[in-house]
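In what follows, a structure is listed as structure tokens, so that the remarks can point back to it.
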Amino acid sequence: MTFRELCERAKGRLRLMIDTKEPSHPPAFYQEMEAAMRDNGLLATAYFIGTEESRQWFKAKAPISATSQQLKQLAGAGEPVGERYFLFEWGNMSEDSVRWALANHVPVVPSINTFHYRNRDAIQTGLADIARLRSLGVREFQIDSVYDPAFTQPAAVSAAREP
């Protein structure tokens with residue numbers, strides 16, 4: 001499947017999160033990606049993470065990732081953070097970071113991946129982070145599929161909260 005075909009299938013159904021990897025890419029790579037997404041109404045709602053190169057290409061065209069520290073610096077410099085960025089950090093992000101982002105109209109998208117919890121029970125700790133973040137008003141997540149029960153089986157989230 002080509003990227004354009006993916007965009008055609010995702011049209012009206014999915015929000016894409018694009019994670020470009022090194023090495024760098026020629027401008028034509030980004031031009032084709034941008035055109036496929038724009039043609040299918042996906043560009044303005046896609047989230048971009050990945051290389052600084054891709055983040056700069058898509059800046060002001062689609063939301064790009066930033067940490068809470070970066071967002072505060074950007075806001076201090078007068079950047080319209082709620083229009084251009086989304087908060088993207090691991091699921092253990094602080095309550096203060098979440099509340100600041102939401103108060104500034106910045107989408108919050110925690111990353112809940114098993115490798116973030118190497119020294120703990122990855123499943124239970126991730127589920128507990130999801131429950132905590134949802135209680136703070138977070139509605140979008142980037143997850144490993146093992147965390148699907150948090151969204152499909154509410155009992156799994158309740159069990160994760162118990163000591």
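Along the sequence shown, the residues carry numbers beginning at 1.
Remark: the backbone N or O of Thr45 is paired with a side-chain donor or acceptor of Arg15 at under 3.5 angstrom. At least one donor-acceptor pair under 3.5 Å links the side chain of Asp144 to the backbone N or O of Thr114. Distance alone, capped at 3.5 Å, is enough to place a donor-acceptor pair between the Gln70 side chain and the Thr67 backbone. Checking side-chain atoms of Ser97 against main-chain N and O of Met93 turns up no donor-acceptor pair under 3.5 Å. Side-chain atoms of His116 never come within 3.5 Å of backbone atoms of Gly91 as a donor-acceptor pair (strictly under, hydrogens ignored). Between the side chain of Arg38 and the main chain of Met33, no donor-acceptor pair closer than 3.5 Å is present. Within the 3.5 Å criterion, the main-chain N or O of Ala122 finds no donor-acceptor partner in the side chain of Thr125.
No continuous path of ILVMFWY side-chain contacts below 4.5 Å connects Val109 to Phe151, so the two sit in separate hydrophobic clusters. Linking Ile, Leu, Val, Met, Phe, Trp and Tyr residues whenever their side-chain heavy atoms come within less than 4.5 Å places Tyr147 and Leu136 in a single cluster.
The CD atom of Glu32 sits 14.0 Å away from atom CE of Met37, with the distance rounded to the nearest 0.5 Å. Rounded to the nearest 0.5 angstrom, Gln142 CD and Phe86 CZ are separated by 9.0 Å. Atom CD1 of Ile112 sits about 6.0 Å away from atom CZ of Phe141, to the nearest 0.5 Å. A distance of 11.5 Å separates CD in Gln124 from CG in Asp129, rounded to the nearest 0.5 Å.
Taking every heavy atom of both residues into account, Ala60 and Arg84 meet most closely at CB-NE, 3.9 Å. Counting all heavy atoms, side chain and backbone alike, Pro63 lies closest to Ala44 at CD-O, 3.4 Å. Considering all non-hydrogen atoms of both residues, Ile49 and Ser65 come closest at CG2-CB, 3.5 Å. Counting all heavy atoms, side chain and backbone alike, Ile143 lies closest to Asn113 at C-ND2, 4.2 Å. Considering every non-hydrogen atom in both Val81 and Ala75, the closest pair reads CG1-N, 3.7 Å. In plain terms, the two heavy atoms of Asn40 and Ala36 that are nearest each other are ND2-O, 2.8 Å.
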Show me, pair by pair, the donor-acceptor contacts under 3.5 angstrom made by side chains of residues 22-30, not counting sequence neighbours?
{"unit_1": "His25", "atom_1": "NE2", "unit_2": "Lys21", "atom_2": "O", "d": "3.2"}
{"unit_1": "His25", "atom_1": "NE2", "unit_2": "Pro23", "atom_2": "O", "d": "3.4"}
{"unit_1": "Tyr30", "atom_1": "OH", "unit_2": "Glu53", "atom_2": "OE1", "d": "2.7"}

Go through the steps to decide whether Phe88 and Tyr47 satisfy the test ring-ring contact (aromatic ring centres under 6.0 Å, His included), and finish with yes or no.
-> CA-CA 10 Å; Phe88 187 66; Tyr47 287 141; 8.5 Å; no
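Residues passing the side chain to side chain donor-acceptor pair (under 3.5 Å) test with Glu89, sequence neighbours excluded: Ser68. Scanning for side-chain contact (heavy atoms from CB on, under 4.5 Å) contacts around Leu102 gives Val98, Val108, with sequence neighbours left out.
Side-chain contact between Leu87 and Trp100: absent, with no pair of heavy atoms (C-beta onward) separated by less than 4.5 Å. No side-chain heavy atom of Ser54 sits less than 4.5 Å from a side-chain heavy atom of Ile18. Side-chain atoms of Thr51 and Gln56, non-hydrogen and from C-beta on, never get closer than 4.5 Å to each other.
Using a 4.0 Å cut-off between a side-chain N of Lys or Arg and a carboxylate O of Asp or Glu, Lys11 and Asp39 do not qualify as a salt bridge. Using a 4.0 Å cut-off between charged side-chain N and carboxylate O, Arg55 and Glu52 make a salt bridge. Salt bridge annotation for Lys59-Glu79: present, with a cationic side-chain nitrogen under 4.0 angstrom from a carboxylate oxygen. We find that Arg9 and Glu5 are not joined by a salt bridge, their nearest charged nitrogen and carboxylate oxygen being 4.0 Å or further apart. Between Glu95 and Arg132, none of the side-chain N atoms (NZ, or NE/NH1/NH2) sits under 4.0 Å from a carboxylate O, so this pair counts as no salt bridge.
Judged by the 6.0 Å distance and 45° axis criteria, Lys61 is positioned over the aromatic ring of Trp57.
In this pair, Phe115 and Trp90 present their aromatic rings perpendicular. The plane angle is above 60°, beyond the 30 to 60° band.
Residue Leu42 is tested with Leu16, Leu6, Leu14 for a side-chain contact (heavy atoms from CB on, under 4.5 Å); the sole match is Leu16.
With 3.5 Å as the limit, one finds no donor-acceptor pair spanning the side chains of Asn92 and Tyr117. Residues Ser94 and Asp96 bring no donor and acceptor atom of their side chains to less than 3.5 Å of each other.
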